[in-house]
Amino acid sequence: MTQATLAAPTSPFDFADFDRYVMGTYARFPIAIDRGKGCRLWDSTGREYLDFVAGIATCTLGHAHPVMIEALSEQIHQLHHVSNLYYLPAQGALAKWLVEHSCGDKVFFCNSGAEANEAAIKLARKYAHQNLGISDPVILSAHSSFHGRTLATITATGQPKYQKHFTPLPTGFDYIPYNDLAGFHSVLNQYRDRVCAILLEPLQGEGGVCPGDRDYFQALRSVCDEQGMLLILDEVQAGMGRSGKLWGYENLGIEPDIFTTAKGLGGGFPIGAMVCKAKCDVFAPGDHASTFGGNPLACHTALKVCETIVNQNLLAQVQARGEQLRQGLAKIAAEFPHHIEQVRGWGLIQGLVLRQDSPLTARDIVQSCIEQGLLLVPAGVKVVRFVPPLIVEATEIDQALDRVRQSLLTALK
Ligand SMILES: *Cc1c(COP(=O)(O)O)cnc(C)c1O
């Protein structure tokens with residue numbers, strides 16, 4: 001290589017300058033990510049990491065995947081945004097794919113998970129007023145849930161830490177215990193005919209990687225059918241193939257009336273969607289909208305991500321790699337019984353659950369893994385979450401497991 005083709009030495013990343021201008025809404029880890037390829041990332045010093053965060057369960061096809069590069073390039077050359085005043089072929093094509101690959105009939109597009117849940121909350125309320133004759137509807141969601149950061153979705157989120165500082169919160173929400181049928185009935189009985197919908201994650205992601213219980217969800221489905229309430233599933237994290245099935249609800253043997261998706265849908269390009277059954281398709285023109293929602297760039301990219309999941313048989317991959325990851329983590333758990341309580345999850349969303357009486361926190365382990373060259377993300381104080389790209393390879397899982405083991409040995413030294 002000649003001198004001229006060498007990249008100019010870059011100045012070291014200025015963390016203090018970043019903090020001077022960007023709001024401190026995150027407790028950021030002190031590395032600056034510069035580029036990515038597949039399941040690997042490189043920081044501003046050139047150091048390589050295995051990425052088992054995937055933009056928080058988002059980069060379905062990893063980084064710089066040829067399908068995404070081609071989809072985004074194609075569409076940016078043709079048309080990127082015009083609003084929903086007109087018919088958009090790319091939006092129609094993605095809606096058709098989602099309907100043909102789910103239990104739903106109609107789709108509304110937006111840009112994020114919180115917005116998709118916000119749309120579902122509004123749809124359920126209109127359905128309550130118009131079809132159920134409830135003037136003061138209540139939506140039940142679960143303790144330890146996570147549904148987003150808008151005012152309505154932090155209210156639906158059953159974790160006080162996301163709500164404190166932001167009162168007054170919207171009314172019309174209350175909480176049920178997750179996977180506890182008796183607890184659900186006792187809350188339902190307090191409201192009787194005011195409950196219009198139950199909003200749940202098929203697997204609680206942020207709340208600690210806690211899979212839903214089949215019997216609980218099937219019982220709730222029956223109660224909803226008997227009483228006319230809607231069952232809304234937040235598939236923002238567990239959906240789009242991450243669980244080893246395309247939708248988390250397929251692991252529970254039920255179908256929701258409404259479900260939401262976002263994170264993995266665009267493979268890391270921002271897009272969200274709410275999908276509903278025909279019976280609750282009650283929005284009329286003017287009821288709800290989003291300027292950017294369903295723009296051609298997002299929809300074309302998401303469609304190519306969706307098609308790749310099917311074409312490359314990624315669901316079988318997720319099941320095999322998920323099982324490999326689960327077994328490897330279970331082996332590590334057995335090696336550190338005083339610190340690790342259990343491993344739980346579905347497919348490629350797995351949680352390493354620390355014992356309450358261990359001095360270690362999830363953040364300690366994440367920190368220690370960064371030093372080993374592995375990126376992970378906590379799900380609460382005591383759970384370390386593993387959500388690699390769905391294209392992760394067997395050798396990469398083995399390498400990640402080695403690094404987790406090393407980081408535990410180091411953290412406990
Ligand atoms: C991340 C997440 C959301 C919020 O999605 P945003 O795109 O950050 O608004 C909602 N629900 C669940 C289950 C999530 O994991």
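Indexing begins at 1, ligand by ligand and atom by atom, following the structure's order. These numbers come from a predicted model, not from an experiment. Side chains are part of it too, since the values below use all heavy atoms of this structure and drop only hydrogens, waters and symmetry mates.
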Protein heavy atom under 4.0 angstrom of atom 8 (O) of ligand 1, is there one?
no

Protein contact to atom 11 (N) of ligand 1 [nearest heavy atom, distance to 0.1 Å]
Asp234 OD2, 2.7 Å

Please determine, by modelled atom types, if Asn117 and Thr153 share a side-chain donor-acceptor pair under 3.5 angstrom.
no

Please write down residue, atom name and distance for the protein heavy atom closest to atom 6 (P) of ligand 1.
Gly113 N, 3.5 Å

Say whether Ala262, considering both its backbone and side-chain N or O atoms, lies within less than 3.5 Å of an N or O atom on ligand 1.
no

Out of Glu206, Glu201, His147, whose heavy atom is nearest to atom 13 (C) of ligand 1?
Glu201

Could you tell me which atoms of ligand 1, counted from 1 in the order shown, lie closer than 4.0 angstrom to a heavy atom of Ser112?
7 (O), 9 (O)

Could you tell me, atom by atom, which parts of ligand 1 come under 4.0 Å of a heavy atom of Ala114?
4 (C), 5 (O), 6 (P), 9 (O)

Among protein heavy atoms, which sits nearest to atom 1 (C) of ligand 1, and what does the distance come to when rounded to 0.1 Å?
Lys263 NZ, 1.4 Å

Under 3.5 Å, N or O to N or O, is Gln237 touching ligand 1 that way?
yes

Do any N or O atoms from the side chain of Ser141 and from the backbone of Leu200 form a donor-acceptor pair under 3.5 angstrom?
no

Just one of Thr260, Ile254, Ile198 clears the side chain to side chain contact (heavy atoms under 4.5 Å, CB included) bar with Leu233, so which one?
Ile254

Ignoring hydrogens and angles, tell me if any N or O in the side chain of Asp287 forms a donor-acceptor pair with the backbone of Ala284 under 3.5 Å.
yes

Can a donor-acceptor pair be found between the side chains of Glu118 and Thr150 at a distance below 3.5 Å?
yes

Residues Tyr216 and Asp180: side-chain donor-acceptor under 3.5 angstrom:
no

Check this for me - ligand 1, Phe146, N or O atoms closer than 3.5 angstrom, yes or no?
yes

Do Arg405 and Glu335 meet the salt-bridge criterion of a basic N to acidic O distance under 4.0 Å?
yes

Considering only heavy atoms of Asn117, which atoms of ligand 1 have at least one such atom less than 4.0 Å away?
10 (C), 11 (N)

Does a donor on one side chain sit under 3.5 Å from an acceptor on the other, for Glu115 and Asn111?
yes

